[in-house]
Structure formats: C-alpha cells, structure tokens
Protein chains: 2
Amino acid sequence: MNSVVAINQRARSSEQKALRRHAVLETAEVYFKEVGYEAFSMAQLAKKSGVAKGTLYLYFNTREELFLTLYEQSLVRWSQIFIGSLSDTMTSKTYAQSLYKTTQADGVFLPLLIRLEHVIEHNVAIPRLIESKRVFINQVEAVAAGTSTALRLSTAQATEVVKTMGVLLIGATQTDQSPALDDEDLPADVQYLITSFSSEPLFIKNAARIIEGIRAEDMSGV
Amino acid sequence: MNSVVAINQRARSSEQKALRRHAVLETAEVYFKEVGYEAFSMAQLAKKSGVAKGTLYLYFNTREELFLTLYEQSLVRWSQIFIGSLSDTMTSKTYAQSLYKTTQADGVFLPLLIRLEHVIEHNVAIPRLIESKRVFINQVEAVAAGTSTALRLSTAQATEVVKTMGVLLIGATQTDQSPALDDEDLPADVQYLITSFSSEPLFIKNAARIIEGIRAEDMSGV
DNA sequence: ATGTTAAATGACCGATGGTCAACTATATAG
DNA sequence: CTATATAGTTGACCATCGGTCATTTAACAT
C-alpha cells in the first residue's frame with residue numbers, strides 16, 4: 001500500500017488513469033518538440049509512450065483533442081510565467097518584449113496557438129471545445145489583470161490590449177519564415193524579404209503602436 | 001488549323017500544356033471554394049478535372065505546389081482590385097475597411113494566406129518557393145505604391161504599412177472563429193468571447209492604430 | 001481459487017498523397 | 001498511306017495516416 005499512486009500494467013483507479021494520461025502528454029510534448037505538428041503521428045506516439053495505438057484513444061478522443069490539451073497546458077504555463085515577469089513600471093515596449101520573449105521560450109505554445117483554429121475546427125467535440133474556451137477566458141482575464149497594473153490601464157483597456165496582442169502575435173509568428181528556410185542559400189532579395197518579416201521587431205514595434213493607440217483613445221467613445 | 005489552341009486528348013505543345021494546366025487550376029479553385037483546404041483531395045480533383053490522378057502530378061509536383069499556385073493567382077488578383085479601390089483622399093479607417101473588404105471578397109485568398117507557411121514549409125521545391133517569394137515582393141511593392149499615394153506616406157512608411165497590414169490580417173483572420181462554429185448553441189460566455197474576436201472590428205481598429213502610429217513616428221529615428 | 005469487470009491490444013478499415021511501368025495518341029519520316 | 005519514335009496519360013499500386021472494435025487478460029472482489 002503505497003501512498004504514492006503507482007502505474008500498474010492496467011490503470012484502474014481514476015488516479016492511475018490521470019497518471020497515465022499525464023505520462024502520455026509528457027511523451028507527446030517531447031515528441032512534438034522533436035518533429036512538430038505535421039510529422040506528429042499517433043502510431044509513433046504510441047510506440048514512444050509504450051502503449052498500443054488503441055490505448056491512446058482511450059485517453060484522447062482524437063489527435064486534435066490531444067493537441068488541444070497540450071495547448072491548454074502550455075497556455076496556463078505561459079500565462080503564469082508572463083504574469084510573473086510583469087512589473088508595475090513598464091513601458092509599452094518592455095511589456096511587448098516580455099510578452100514576445102516568454103511566448104518564444106515555450107517550445108509548444110506558439111506552434112499550437114497558430115494552428116489552434118484549424119485543429120479545433122474539424123475534430124474536437126463541442127463540449128470539449130467549450131471547456132477549452134473557458135480555460136482561455138480565465139487566462140485572458142488573469143493576464144489582463146496583470147496588464148492593467150503593469151501598464152496602468154483600465155480593465156477594459158487591458159483586456160483589449162491582451163486580446164489584440166494575441167492577434168498580433170499569431171500574425172507575426174505565422175509570417176515569420178526564418179525557421180522554415182534555415183540555412184538554405186537564398187538570393188539576396190528573397191533573403192531581405194524574410195528578414196523584413198522577422199517576427200520579433202514586427203511584433204514589438206506594432207505592439208507598442210497598438211498599446212499607445214489604446215491608451216490614447218477616449219474611453220467614452222468606445 | 002485553328003489559331004485558337006485546342007486541347008487535344010494529349011497536350012503536346014507548350015501552349016496546350018499551359019491551357020490544360022490552367023483548366024486544372026480553374027477546376028481546383030471552384031472545388032476549393034466548395035470544400036476548403038482540409039477536405040480537398042487530389043483524387044477528387046482529378047475526377048472533377050476529367051484526368052487521371054497521375055496526370056495532375058505532371059502539372060504540379062505536389063498538392064502544396066498546386067495550392068501555392070492558386071495562392072499566387074489570388075494574390076495578384078486581389079492586389080489589382082485593392083489598388084483599384086484606393087483613392088487619394090483616404091483616412092486610415094477607410095483604407096483599412098477597403099483592405100478588409102477586398103480580401104474577404106475573394107474566396108480563396110485568405111484561406112490560402114493563413115495556411116501559406118504551413119503549406120510552403122514542408123512540400124514545395126526551393127526554386128518554386130523563391131519564384132513565389134518574388135511574386136510576393138512585386139505585389140507588396142505595387143500595393144505600397146498605391147498606399148503611399150492614398151495615405152500620403154513616404155515609400156518606406158507605405159511599405160511598412162503594407163507588410164504590417166498583412167501580419168494583422170493573418171492574425172485577425174486566424175483568430176476569427178465565427179465560421180467554424182456557425183449555429184451551434186454555445187453558452188453565453190463562450191459566445192461573447194467569439195464575438196469579441198470577430199475579425200472585422202479587430203482588424204479595422206488596430207489597422208488604424210498602426211497606420212496612425214507609423215504616420216506619427218519621426219522617420220529620422222528609424 | 002474463481003468470477004467479474006474493464007483496461008489494453010493490434011489487426012483491420014477507408015482514405016490520403018504520391019509513384020511508375022505500361023499504354024497509346026500524336027507527330028514525323030519514309 | 002503506313003511505320004516508327006516520342007512523350008503525354010493512365011490507374012493499379014504503395015506506404016502511411018487517423019481511427020475502430022472484437023478479443024484478450026490484468027487486477028480486483030468474493
């Protein structure tokens with residue numbers, strides 16, 4: 001009788017099942033970091049997890065629900081780190097820099113975020129989707145609260161900042177082409193194009209513009 | 001001897017081949033509008049085009065190269081329409097509205113744009129990719145020229161506006177969840193979340209903020 | 001020991017993008 | 001007009017994918 005819940009060959013108690021589910025998710029996260037979204041196969045994950053493919057589907061209804069779960073975890077993880085990074089004497093720029101840096105630091109958050117709509121759209125049960133949206137709402141509220149303090153904005157303004165930062169981050173990340181083309185020798189004009197779409201300056205400059213825009217706006221007019 | 005190039009059972013001349021390629025692309029575009037990206041299958045396209053699947057691969061190396069070609073076409077088509085819609089007395093807001101409306105009007109441009117990096121990343125030959133980037137550069141320049149006149153900005157400023165609009169458009173489109181969830185009855189909180197991420201106001205408000213930010217910036221500092 | 005329950009399995013399914021030896025429509029040569 | 005050469009076209013075929021489900025069997029209760 002261990003007080004620690006051990007994982008038997010068969011997980012019977014809900015504790016053991018949660019443990020096994022968690023183990024699969026950990027394996028999946030490592031595997032995802034290795035190969036990315038497109039090359040991620042359920043058969044391979046099963047092999048790496050030491051279970052049969054069918055077993056994966058006892059714990060996740062579809063491949064997409066598994067990704068959605070990974071995304072949720074990374075969202076919560078990130079928002080805690082980001083909120084922790086905020087101080088009450090930040091400029092738009094330092095705020096944007098911290099936001100950018102913390103999202104980049106997580107190996108799965110951004111790749112899943114930019115694929116989120118495609119992932120969810122086609123293969124997640126509605127109740128699971130609703131649950132996920134609620135997690136999202138909570139995280140947005142938490143981040144908005146921190147933002148309100150850090151940037152000295154009203155709650156409504158801070159909420160708008162957070163949502164808009166999300167949109168901008170997705171756009172900037174999506175457009176950033178550097179990782180895909182790595183060390184290929186490209187002609188100078190194309191190389192310049194890619195550089196000019198580098199996500200870091202793109203995000204930070206425009207984040208600052210938007211935050212200043214929101215700050216300057218007369219709140220009575222919105 | 002027709003002066004018009006007819007399509008035989010076999011396309012021998014390069015003219016005939018171009019014609020057949022074009023016919024396949026037209027079919028593909030209609031088909032894409034019907035079923036979207038994920039459900040688009042090469043076997044179905046072959047059937048609808050009246051050729052064998054293998055024939056498709058004589059004209060396009062991969063599914064992704066076909067999509068890339070469709071994207072290029074839609075980009076050129078859109079930029080012409082958008083430039084035509086510009087006048088020399090526009091505000092940031094009317095500019096953003098026209099940009100939004102013209103991109104939405106095209107049935108394939110945005111869906112392909114937001115998937116572009118994923119599409120290109122994994123399955124397009126490098127030379128084809130370079131070619132595509134050059135088309136992109138040209139279109140950006142053309143739109144920037146029109147933007148410079150319409151918004152009375154320097155060329156550098158106009159170019160920055162255009163690139164940034166692209167990023168914002170991708171982010172806003174990606175985040176817009178209304179099409180996916182249609183008429184499902186969702187709880188009020190989730191429904192509100194989705195509404196608050198509606199791409200049209202999100203894009204237009206932030207586009208204006210960014211344009212005004214760029215306009216206000218001291219150009220010597222950049 | 002025995003019976004009961006349900007977790008785990010992996011052969012199997014339909015569908016996908018992509019390939020290629022075989023076929024044959026077409027242009028050219030004799 | 002026929003024979004030959006060329007090359008565009010074909011569809012059976014392949015590996016792999018996400019997902020299913022009848023069967024097996026580990027783990028518990030009695």
Side-chain angles (χ1 to χ4, degrees), chain A residues 1-2 5-24 27-28 31-32 35-69 115 118-125 128, chain B residues 1-2 5-24 28 31-32 35-68 115 118-125 128:
Chain A
M1 277 270 187
N2 278 330
V5 181
I7 346 137
N8 271 333
Q9 205 170 109
R10 306 258 171 126
R12 313 259 314 184
S13 71
S14 58
E15 273 173 320
Q16 283 177 321
K17 286 197 223 175
L19 221 62
R20 175 146 295 174
R21 195 181 138 101
H22 188 259
V24 169
T27 306
Y31 176 39
F32 180 83
V35 302
Y37 184 83
E38 280 75 15
F40 187 107
S41 105
M42 293 299 271
Q44 264 297 312
L45 175 61
K47 204 168 278 181
K48 284 174 184 275
S49 301
V51 298
K53 193 163 60 155
T55 307
L56 294 181
Y57 287 90
L58 296 176
Y59 291 92
F60 304 94
N61 289 322
T62 62
R63 181 177 184 258
E64 282 73 23
E65 286 202 16
L66 189 149
F67 281 130
L68 184 59
T69 307
R115 288 171 175 94
H118 304 157
V119 169
I120 291 182
E121 260 175 45
H122 294 285
N123 225 354
V124 173
R128 182 69 188 82
Chain B
M1 278 272 187
N2 278 331
V5 182
I7 343 136
N8 270 335
Q9 206 171 106
R10 305 261 170 121
R12 312 263 311 185
S13 71
S14 58
E15 272 174 320
Q16 284 177 320
K17 286 197 221 173
L19 222 63
R20 174 147 294 171
R21 196 181 137 101
H22 187 259
V24 169
Y31 175 39
F32 181 85
V35 302
Y37 184 82
E38 279 75 16
F40 186 108
S41 106
M42 294 298 270
Q44 262 298 309
L45 175 61
K47 204 168 278 181
K48 285 175 185 274
S49 301
V51 298
K53 194 165 58 157
T55 307
L56 293 182
Y57 287 90
L58 297 176
Y59 290 92
F60 305 95
N61 290 323
T62 61
R63 181 178 185 256
E64 283 73 24
E65 286 203 17
L66 189 149
F67 281 132
L68 183 59
R115 288 170 175 95
H118 305 156
V119 168
I120 291 182
E121 260 175 46
H122 293 287
N123 224 352
V124 172
R128 182 70 189 82

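Just so it is clear, the model here is predicted, and its values are computed rather than measured. A, B, ... follow the sequence lines: proteins, then strands. Residue 1 opens every chain.
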Compare all side-chain heavy atoms of A:L66 with those of A:L45 and state whether any distance is below 4.5 angstrom. yes
Strictly below 4.0 Å: does A:R12 bring a side-chain N or O up to OP1 or OP2 of C:dA7? no
Integer-rounded Å distance: C:dT16 C1' and B:E64 CD: 12 Å
Are side-chain heavy atoms of B:V51 and B:Y59 found at a separation under 4.5 Å? no
Could you tell me the separation between the CD atom of A:Q16 and the C1' atom of D:dC28, rounded to a whole number of Å? 11 Å
Residue mapping more 5' on DNA chain C - nearest nucleotide basis, B:Q9 or B:F40: B:F40
So what does A:Y59 touch, heavy atoms closer than 4.0 Å: a base, only the sugar-phosphate, or nothing? sugar-phosphate
Tell me the interatomic distance from B:R10, atom CZ, to C:dC23, atom P, rounded to whole angstroms. 13 Å
Check the pair A:T69, A:R128 against side chain to side chain donor-acceptor pair (under 3.5 Å), reporting the backbone distance first and the verdict last. CA-CA 10 Å; A:T69 307; A:R128 182 69 188 82; 3.2 Å; yes
Can you tell which of D:dG19, C:dT9, D:dT10 lies closest to the side chain of B:V51? D:dT10
Rounded interatomic separation in angstrom, taking CG from B:L56 and P from C:dG17: 10 Å
Can you name the nearest heavy-atom pair linking A:E64 to A:V119, along with the distance? CG-O, 3.3 Å
So if I take every side-chain heavy atom of B:N8 and compare against C:dA8, C:dG10, C:dA27, which nucleotide ends up nearest? C:dA27
Closest to the side chain of A:T62, out of D:dG19, C:dG17, C:dT26, is D:dG19
Under the 3.5 Å rule, do the base of D:dG19 and the side chain of A:K53 count as making a donor-acceptor pair? yes
Using only side-chain N and O atoms of B:N123, determine if any of them is under 4.0 Å from OP1 or OP2 of C:dG18. yes
Heavy atoms only, 4.0 Å cut-off, all strands: where does A:T55 land among base, sugar-phosphate and nothing? base
Whole angstrom is fine here: how far is it from OH in B:Y57 over to P in C:dG17? 6 Å
Interatomic distance, B:M42 CE vs D:dA15 C1' [rounded to whole Å]: 18 Å
Taking C-beta and beyond as the side chain, do A:Q44 and A:F40 meet within less than 4.5 Å on heavy atoms? no
Could you tell me how far apart B:E38 (CD) and C:dT16 (P) are, to the nearest whole angstrom? 14 Å
Which nucleotide in the list C:dA8, C:dC23, C:dG18 gets nearest to the side chain of A:L58? C:dA8
Rounding to an integer number of Å, can you tell me how far A:F67 CZ sits from D:dG19 P? 10 Å
